[in-house]
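Per chain, numbering begins at 1; letters A, B, ... match sequence-line order. From a predicted model like this one, the values you see are computed outputs, not experimental measurements.
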Number of protein chains: 2
Amino acid sequence: MTQQSRPVYLKLRDQIAAAIIEGVYAEGEMLPSVRAFAAEQGANPLTVAKAYQQFQADGLVEVQRGVGMYVVAGAAEKLRRSEREQFLAEEWPELRLRMKRLDIDAADLLAHS
Amino acid sequence: MTQQSRPVYLKLRDQIAAAIIEGVYAEGEMLPSVRAFAAEQGANPLTVAKAYQQFQADGLVEVQRGVGMYVVAGAAEKLRRSEREQFLAEEWPELRLRMKRLDIDAADLLAHS
DNA sequence: CAAGGTGCATCAGTGCCATAATACAGCGCG
DNA sequence: CGCGCTGTATTATGGCACTGATGCACCTTG
């Protein structure tokens with residue numbers, strides 16, 4: 001009903017980013033083809049391509065035309081650093097205020113681990 | 001250009017919720033009128049109304065037609081509990097996994113306080 | 001009663017998103 | 001070379017959420 005439905009291409013992007021960081025798609029290996037990943041996820045190949053392009057633009061994957069897209073060396077660490085900084089700089093401050101407002105502290109978090 | 005990362009009416013909703021919890025809009029008091037708040041925030045009155053409706057549906061504010069919308073007694077605590085549960089049950093688990101993936105621990109958070 | 005403020009309903013417009021159907025360009029392999 | 005696999009460009013279309021302008025019903029106040 002609300003904005004729970006983030007755009008599909010962004011969901012796919014996050015999913016792929018997590019997989020790269022966790023080594024599911026190791027450096028030097030090939031990402032699933034646009035068509036294969038689309039079929040697997042039940043999405044449209046173009047939508048997958050749109051998600052892939054984000055990584056290509058950031059230099060995290062390398063395109064070999066006619067072959068596939070390969071994870072660049074150091075991509076996992078680069079991605080982790082990038083997202084880490086983004087989280088600490090932008091999300092955490094707001095999150096901190098919000099937790100304070102909702103009266104949530106470390107003990108509450110541990111209770112829900 | 002109309003597409004922010006987050007819909008305006010949801011931003012307004014969060015902003016108002018925070019104000020209610022913090023007592024800026026005390027219980028029994030009247031919320032700013034739709035038109036007044038819209039002018040103040042540079043938004044459309046209808047967009048503000050959409051944000052207000054969420055609170056009305058949840059029974060946190062009471063509408064007196066022709067007069068205004070009043071904060072119901074106990075609204076602040078009810079809102080805090082609701083958001084608190086929502087955070088712990090839905091957001092925190094994902095956040096926890098994400099922080100682990102990004103190699104963020106308590107020390108990092110304290111460093112950015 | 002008249003006037004101004006309130007919320008709210010209706011209709012219309014806009015832009016992003018997702019999908020679809022093709023078509024094209026490059027590469028590897030038999 | 002021929003075939004099948006890659007990514008990519010093009011165009012078109014439908015859906016849906018968000019936003020916007022106008023007008024109406026209701027209440028209080030003087």
Side-chain angles (χ1 to χ4, degrees), chain A residues 1-17 19-20 24-73 75, chain B residues 1-17 19-20 24-73 75:
Chain A
M1 205 162 92
T2 47
Q3 185 81 356
Q4 301 169 342
S5 54
R6 276 183 56 185
V8 174
Y9 81 96
L10 284 183
K11 286 186 187 173
L12 295 177
R13 193 211 80 90
D14 290 346
Q15 186 174 338
I16 297 160
I20 290 180
V24 177
Y25 301 144
E27 304 179 355
E29 286 187 0
M30 193 180 98
L31 288 179
S33 81
V34 168
R35 290 172 178 83
F37 195 67
E40 177 186 335
Q41 297 291 326
N44 188 284
L46 280 179
T47 305
V48 175
K50 189 172 183 179
Y52 277 16
Q53 282 182 338
Q54 310 262 330
F55 297 106
Q56 179 187 355
D58 292 344
L60 296 171
V61 301
E62 202 170 45
V63 177
Q64 295 190 16
R65 288 195 66 124
V67 182
M69 307 186 71
Y70 290 81
V71 181
V72 160
Chain B
M1 305 292 270
T2 317
Q3 191 72 4
Q4 298 87 355
S5 55
R6 192 174 169 80
V8 174
Y9 80 96
L10 284 183
K11 286 185 187 174
L12 295 177
R13 186 217 155 270
D14 290 346
Q15 186 175 338
I16 298 160
I20 290 180
V24 177
Y25 302 143
E27 303 178 357
E29 286 187 359
M30 193 181 98
L31 289 179
S33 81
V34 168
R35 290 172 178 80
F37 195 67
E40 177 186 337
Q41 297 293 327
N44 188 285
L46 210 61
T47 305
V48 176
K50 189 171 184 179
Y52 277 16
Q53 281 182 338
Q54 310 261 330
F55 297 106
Q56 179 187 355
D58 293 344
L60 296 172
V61 301
E62 201 170 43
V63 176
Q64 296 189 16
R65 286 197 66 124
V67 182
M69 307 185 70
Y70 290 80
V71 181
V72 160

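- Checking D/dT19, C/dC27, C/dG7 against every side-chain atom of B/Val34, the shortest atom distance belongs to C/dG7.
- As rounded to whole Å, 18 Å separates atom C1' of D/dC16 from atom CZ of A/Arg6.
- Listed nucleotides D/dA9, C/dT19, D/dC18 differ in distance to A/Gln53; the shortest reach to its side chain belongs to D/dA9.
- Protein atom CG of A/Leu10 is 7 Å distant from nucleotide atom P of C/dC17, rounded to whole Å.
- Phosphate contact (OP1/OP2 of C/dT19, side-chain N/O of A/Thr47, threshold under 4.0 Å): present.
- At whole-Å resolution of the value, NZ in B/Lys50 and C1' in C/dA9 are 14 Å apart.
- Side-chain N/O atoms of B/Arg35 and base N/O atoms of C/dG7 include a donor-acceptor pair closer than 3.5 Å.
- Considering only side-chain N and O atoms, A/Tyr9 lies under 4.0 angstrom from the phosphate OP1 or OP2 of C/dC17.
- Nearest-nucleotide positions on DNA chain C for A/Gln64 and B/Ala49 put B/Ala49 closer to the 5' end.
- Across C/dG28, D/dT10, D/dT6, the shortest atom-to-atom separation from the side chain of A/Leu46 is found for D/dT10.
- Using a 4.0 Å heavy-atom cutoff across all strands shown, A/Gln56 reaches sugar-phosphate atoms only and no base atom.
- Here D/dT6 presents its P atom at 18 Å from CD of A/Glu62, a figure rounded to the nearest Å.
- Residue B/Ser33 places none of its side-chain N or O atoms closer than 4.0 Å to OP1 or OP2 of C/dG5.
- Looking at heavy-atom distances under 4.0 Å, B/Met69 makes contact with sugar-phosphate atoms alone, never a base.
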Could you pull out all donor-acceptor pairs under 3.5 Å where a side-chain atom in residues 29-47 of chain A meets a protein atom, sequence neighbours excluded?
unit_1  : atom_1 : unit_2  : atom_2 : d
A/Ser33 : OG     : A/Ala36 : N      : 3.0
A/Asn44 : OD1    : A/Leu46 : N      : 2.8

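- Atom pair B/Lys11:NZ and D/dA17:P shows a separation of 19 Å (rounding to whole Å applied).
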Side-chain donor/acceptor pairs under 3.5 Å, residues 54-65 of chain A, sequence neighbours excluded:
none

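- Nearest-nucleotide positions on DNA chain C place A/Gly42 closer to the 5' end than the other of A/Gly42 and A/Arg65.
- Whole-Å rounding puts the B/Tyr70 OH to D/dC27 P distance at 13 Å.
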